[in-house]
Q: 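Questions regarding the structure given below will be posed in turn.
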Amino acid sequence: MRYFSIFVLSASFFMFTACNNEPKASEDKKEEKSDTTSKVETVKADKSLVAEWRLEMVNNVKDQIGLILNLTENGDFSMKQSDGAGIKGTYKNSEDGKKILLNSEKGEDTWTIVELTDSILVLSEIRKEDNKENLYRFKK
């Protein structure tokens, strides 16, 4: 009887510790490694950015050149004016999602997202030449 009670006590202890759902320290480290590698990857395009955007205003003045900005899901962009002149390149979101980083044959540029809704995109750009801000308002 004494051996039976020791067996029941040890079996219940084993089952209690085996059913404990808290991960061990080594399991936490494994998860951290996989999370760290995902942070290194390029931030994919925000789906709300992916669209064909028509420039409405620059610094609260109606757009005269008819600029169209096309942002694709695979990270390509193109800007085309009504006269056919344009530029192509790639873009990506910053990690915090507040900036768009552009790369084209004309160089690199950074735009700050001021407003983003289903139909409106407002971007801010600091010009490199004179360090002044331009505010671009686009509409789908």
Side-chain angles (χ1 to χ4, degrees):
M1 183 72 156
R2 182 173 157 202
Y3 292 112
F4 180 73
S5 62
I6 292 173
F7 173 76
V8 170
L9 182 60
S10 59
S12 62
F13 178 75
F14 175 76
M15 289 179 65
F16 177 76
T17 57
C19 293
N20 189 356
N21 288 332
E22 293 180 12
K24 296 178 183 174
S26 62
E27 291 175 357
D28 284 343
K29 290 181 182 177
K30 288 179 187 175
E31 288 179 19
E32 285 178 16
K33 287 182 183 176
S34 64
D35 288 343
T36 304
T37 56
S38 66
K39 289 180 184 175
V40 173
E41 294 177 11
T42 303
V43 179
K44 293 185 179 177
D46 183 349
K47 294 202 187 270
S48 55
L49 279 174
V50 176
E52 182 177 281
W53 299 95
R54 296 184 184 277
L55 184 62
E56 283 192 319
M57 300 178 124
V58 179
N59 297 329
N60 295 323
V61 177
K62 187 170 172 64
D63 173 48
Q64 301 296 318
I65 57 175
L67 181 73
I68 297 174
L69 171 65
N70 190 14
L71 300 171
T72 65
E73 194 168 346
N74 65 356
D76 293 330
F77 82 90
S78 64
M79 286 189 283
K80 191 173 12 173
Q81 297 176 4
S82 58
D83 66 359
I87 186 170
K88 292 183 178 183
T90 59
Y91 79 99
K92 64 180 179 177
N93 289 16
S94 62
E95 287 187 26
D96 62 4
K98 296 179 181 178
K99 295 186 184 289
I100 301 173
L101 310 168
L102 301 167
N103 192 6
S104 68
E105 65 265 7
K106 294 196 177 204
E108 294 181 358
D109 208 359
T110 302
W111 293 343
T112 302
I113 299 172
V114 177
E115 180 182 352
L116 177 60
T117 66
D118 289 339
S119 60
I120 302 291
L121 173 63
V122 180
L123 299 171
S124 169
E125 174 200 25
I126 305 296
R127 292 188 305 207
K128 294 175 185 171
E129 307 86 46
D130 55 8
N131 213 23
K132 289 188 178 180
E133 180 183 27
N134 280 333
L135 198 62
Y136 301 99
R137 179 182 169 89
F138 293 90
K139 192 170 186 176
K140 276 189 185 177

Q: I'd like to know whether I120 forms a side chain to side chain contact (heavy atoms under 4.5 Å, CB included) with R137, so could you lay out the CA-CA distance, the side-chain angles of the two residues, the decisive distance to 0.1 Å, and finally the verdict.
A: CA-CA 7 Å; I120 302 291; R137 179 182 169 89; 3.3 Å; yes
Q: Establish whether W53 and M57 are linked, either directly or via other cluster members, by ILVMFWY side-chain heavy-atom contacts under 4.5 Å.
A: no
Q: Does the side chain of E56 come within less than 4.5 Å of D63's, by heavy atoms?
A: no
Q: To the nearest 0.5 Å, what is the distance between CD1 on I87 and NZ on K80?
A: 14.0 Å
Q: Is the shortest side-chain heavy-atom distance between E108 and L101 below 4.5 Å?
A: no
Q: State, to 0.1 Å, how close F77 and S104 come at their nearest heavy-atom pair, and which atoms those are.
A: CZ-CB, 4.0 Å
Q: Flag yes if more than 12 heavy atoms outside D118 fall under 6.0 Å of its CG atom; otherwise flag no.
A: no
Q: Would you give the length of the straight line joining atom CG of L55 to atom NZ of K139, rounded to the nearest 0.5 angstrom?
A: 13.0 Å
Q: Nearest heavy-atom pair of V114 and S124: which atoms, and what distance?
A: CG2-CB, 3.7 Å
Q: Checking the side chain of D130 only, and the main-chain atoms of K132 only, is there a donor and an acceptor separated by less than 3.5 Å?
A: yes
Q: With side chain to side chain contact (heavy atoms under 4.5 Å, CB included) as the criterion, how do I113 and L123 come out once you've worked through the C-alpha distance, each side chain's angles and the decisive distance to 0.1 Å?
A: CA-CA 5 Å; I113 299 172; L123 299 171; 3.9 Å; yes
Q: So, the side chain of S82 versus the backbone of I65: is there a donor-acceptor pair under 3.5 Å, distance only?
A: yes
Q: Rounded to the nearest 0.5 Å, what's the gap from CD on E125 to CG on D109? Could you check?
A: 4.5 Å
Q: Is there a side-chain contact between M79 and L67 in this structure, where contact means two heavy atoms from C-beta onward sitting under 4.5 Å apart?
A: yes
Q: Is there a path from I68 to L121 through hydrophobic residues (I, L, V, M, F, W, Y) whose side chains come within less than 4.5 Å of each other?
A: no
Q: Just wondering, do L69 and W111 contact through their side chains at under 4.5 Å, heavy atoms?
A: yes
Q: Sub-3.5 Å donor-acceptor pair from the side chain of N93 to the main-chain atoms of I100, do we have one?
A: no
Q: Donor-acceptor pair, distance only, cut-off 3.5 Å: does the side chain of Y91 make one with the backbone of S78?
A: no
Q: Could you grab the distance from atom CG of L49 to atom OG1 of T72, nearest 0.5 Å is fine?
A: 11.0 Å
Q: Decide if atom NZ of K140 counts as having more than 12 heavy atoms of other residues, nucleotides or ligands within a radius under 6.0 Å.
A: yes
Q: Under a 3.5 Å distance rule, please check whether S94 uses its side chain to pair with a backbone N or O of K99 as donor and acceptor.
A: yes
Q: Do L116 and F138 belong together in a cluster built from hydrophobic side chains that touch within less than 4.5 Å?
A: yes
Q: Distance check, rounded to the nearest 0.5 Å: I126 atom CD1 versus N131 atom CG?
A: 6.5 Å
